[in-house]
Amino acid sequence: MALLPILHYPDPRLRTIAKEVSVFDDDLQTLIADMFDTMYDAKGIGLAATQVDRHVRVVVMDLAGENEEPRPQVFINPVVTPLTDERCPYKEGCLSIPEVYDEIMRPARVRIEALDADGQAFTIEADGLLAVCIQHELDHLNGVLFVDYLSRLKQDRARDKVRKVVAKKG
Ligand code: K1U
Ligand code: ZN
């Protein structure tokens with residue numbers, strides 16, 4: 001098990017645009033395993049490689065509830081297409097912006113095209129938390145954070161909050 005350090009807002013490395021994955025080798029499998037370890041340890045439901053300073057288009061996710069069996073999902077080179085103009089609000093959090101939550105509006109239903117850990121292509125349609133989470137994670141791969149959708153005042157407050165939380169944790 002390897003825990004990877006998570007970058008915190010406003011670290012400029014979170015603004016890096018991740019590169020497509022073309023090689024499905026042991027190094028990629030190690031990165032995926034380490035990302036799951038890191039996500040579960042941090043009590044998150046998703047994690048993008050950008051957040052652990054690896055700038056490749058890899059997302060891990062597990063939306064299972066506390067009393068359910070784990071349901072790990074891997075999305076490599078994800079492409080997300082809105083399927084409706086309807087937008088739904090969801091109070092989002094982010095492991096890179098600890099203890100900051102705010103309501104973000106995103107398309108309610110999306111198509112996700114991606115590769116799995118073995119490089120096999122799959123397509124799914126998603127709504128609810130999966131739709132929210134994949135859009136949040138795809139933003140990370142493109143250097144975008146949920147606070148970018150908020151006012152400058154809220155961004156300043158988020159930056160101050162993260163500084164305090166990170167200083168307290170040591
Ligand atoms: O990308 C990340 O920073 C992970 C993030 C994913 C996410 C959560 C909620 C909405 C959109 C994206 C988190 O997991 S933050 C932790 C969190 O908010 C949460 C944890 C457990 C259950 C529900 C939410
Ligand atoms: Zn996030």
Side-chain angles (χ1 to χ4, degrees), residues 1-9 11 13-14 16 18-21 24-83 88-104 106-147 162 165-166 169:
M1 165 159 171
L3 298 181
L4 306 172
I6 296 177
L7 300 177
H8 291 118
Y9 179 70
D11 192 312
R13 290 172 288 182
L14 287 167
T16 310
K19 291 193 164 59
E20 294 232 328
V21 172
F24 291 77
D25 59 4
D26 287 351
D27 285 353
L28 179 67
Q29 306 312 319
T30 301
L31 173 64
I32 291 168
D34 292 350
M35 285 176 63
F36 273 117
D37 290 342
T38 304
M39 181 192 78
Y40 288 127
D41 180 74
K43 309 263 182 287
I45 56 173
L47 188 71
T50 309
Q51 295 177 274
V52 291
D53 205 18
R54 297 289 299 271
H55 302 288
V56 288
R57 300 185 85 79
V58 176
V59 167
V60 299
M61 206 183 285
D62 191 332
L63 302 183
E66 268 185 25
N67 300 319
E68 291 179 294
E69 286 296 308
R71 279 200 310 273
Q73 290 176 286
V74 178
F75 301 89
I76 295 174
N77 302 340
V79 175
V80 176
T81 310
L83 294 176
C88 272
Y90 192 89
K91 198 162 187 179
E92 298 192 14
C94 182
L95 297 176
S96 295
I97 315 175
E99 299 187 30
V100 174
Y101 302 90
D102 215 316
E103 205 160 82
I104 304 294
R106 298 189 190 266
R109 188 166 180 79
V110 297
R111 177 181 300 119
I112 308 168
E113 295 164 89
L115 305 176
D116 67 17
D118 300 318
Q120 294 296 310
F122 65 94
T123 302
I124 52 176
E125 292 188 4
D127 56 13
L129 188 52
L130 176 55
V132 171
C133 200
I134 192 67
Q135 291 179 82
H136 176 114
E137 302 306 338
L138 182 63
D139 272 356
H140 275 303
L141 300 182
N142 291 327
V144 175
L145 297 163
F146 83 87
V147 291
V162 172
V165 171
V166 171
K169 280 187 188 158

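Note that these values count all heavy atoms, side chains included, but never hydrogens, waters or copies made by symmetry. A quick note: this is a predicted structure, and the numbers were derived from the prediction, not measured.
A donor-acceptor distance shorter than 3.5 angstrom exists from the side chain of D62 to the backbone of R71, with no hydrogens or angles considered. In this structure, D37 contributes its side chain and A2 its backbone to a donor-acceptor pair below 3.5 Å. D116 places a side-chain N or O within donor-acceptor distance of the main-chain N or O of D118, the cut-off being under 3.5 Å.
Rounding to the nearest 0.5 Å places CZ of R13 at 11.5 Å from NE2 of H8. Here the SG atom belonging to C133 is positioned 5.5 Å from the CG atom belonging to L63, to the nearest 0.5 angstrom. Atom NZ in K91 sits 9.5 Å away from atom OH in Y101 (nearest 0.5 Å). For the atom pair E137 CD and N142 CG, the distance stands at 12.0 Å (nearest 0.5 Å). Note that CD of Q135 and OH of Y90 are 13.0 Å apart. Values are rounded to the nearest 0.5 Å. Atoms SG and CG, on C94 and D102 in that order, are 13.0 Å from each other to the nearest 0.5 Å.
Exactly one of V56, L141, N77, L115 qualifies for a side chain to side chain contact (heavy atoms under 4.5 Å, CB included) with E20. That residue is N77. When each of I6, V60, L95 is paired with T38, the side chain to side chain contact (heavy atoms under 4.5 Å, CB included) condition holds for I6 and for no other. Checked against V52 for a side chain to side chain contact (heavy atoms under 4.5 Å, CB included), the options L47, D34, V58 give a single hit: L47.
Remark: the S96 side chain and the Q51 side chain contain an N/O donor-acceptor pair separated by less than 3.5 Å.
You'll find the side chain of Y40 reaches within 4.5 Å of the side chain of P72, heavy atoms only. Side-chain contact between I134 and R106 is absent, with no heavy-atom pair separated by less than 4.5 Å. Taking the side chain as every heavy atom from C-beta outward, E125 and V110 never approach each other to under 4.5 Å. Put simply, the side chain of I76 does not reach to within 4.5 Å of the side chain of R57, judged on heavy atoms. Residues V79 and I112 are not in side-chain contact: their nearest non-hydrogen atoms beyond the backbone lie 4.5 Å or more apart. Taking the side chain as every heavy atom from C-beta outward, V147 and I97 approach each other to under 4.5 Å. Counting heavy atoms from C-beta outward, D53 and P5 have side chains that stay 4.5 Å or more apart. No side-chain heavy atom of L31 sits under 4.5 Å from any side-chain heavy atom of D27.
In plain terms, the two heavy atoms of A117 and V74 that are nearest each other are N-CG1, 4.3 Å. Across every non-hydrogen atom of A131 and A126, the tightest pair is CB-O, 3.7 Å. Contact detail for K169 and P98: the closest heavy-atom pair is NZ-CB, 4.2 Å. Closest approach of F146 to V100, counting heavy atoms only: CZ-O, 3.7 Å.
Not a single side-chain hydrogen bond (donor to acceptor under 3.5 Å, both in side chains) links R54 to another residue, sequence neighbours left out. Residues that satisfy the side chain to side chain contact (heavy atoms under 4.5 Å, CB included) test with E103, not counting sequence neighbours, are P89.
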* Check the pair V59, Q73 against side-chain contact (heavy atoms from CB on, under 4.5 Å), reporting the backbone distance first and the verdict last. => CA-CA 8 Å; V59 167; Q73 290 176 286; over 6 Å; no
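For residues 112-136, the set of pairs meeting the ring-ring contact (aromatic ring centres under 6.0 Å, His included) definition, not counting sequence neighbours, comprises F75-F122, H136-H140.
Around the CG atom of D26, the shell of radius 6.0 Å holds no more than 12 heavy atoms that belong to other residues, nucleotides or ligands.
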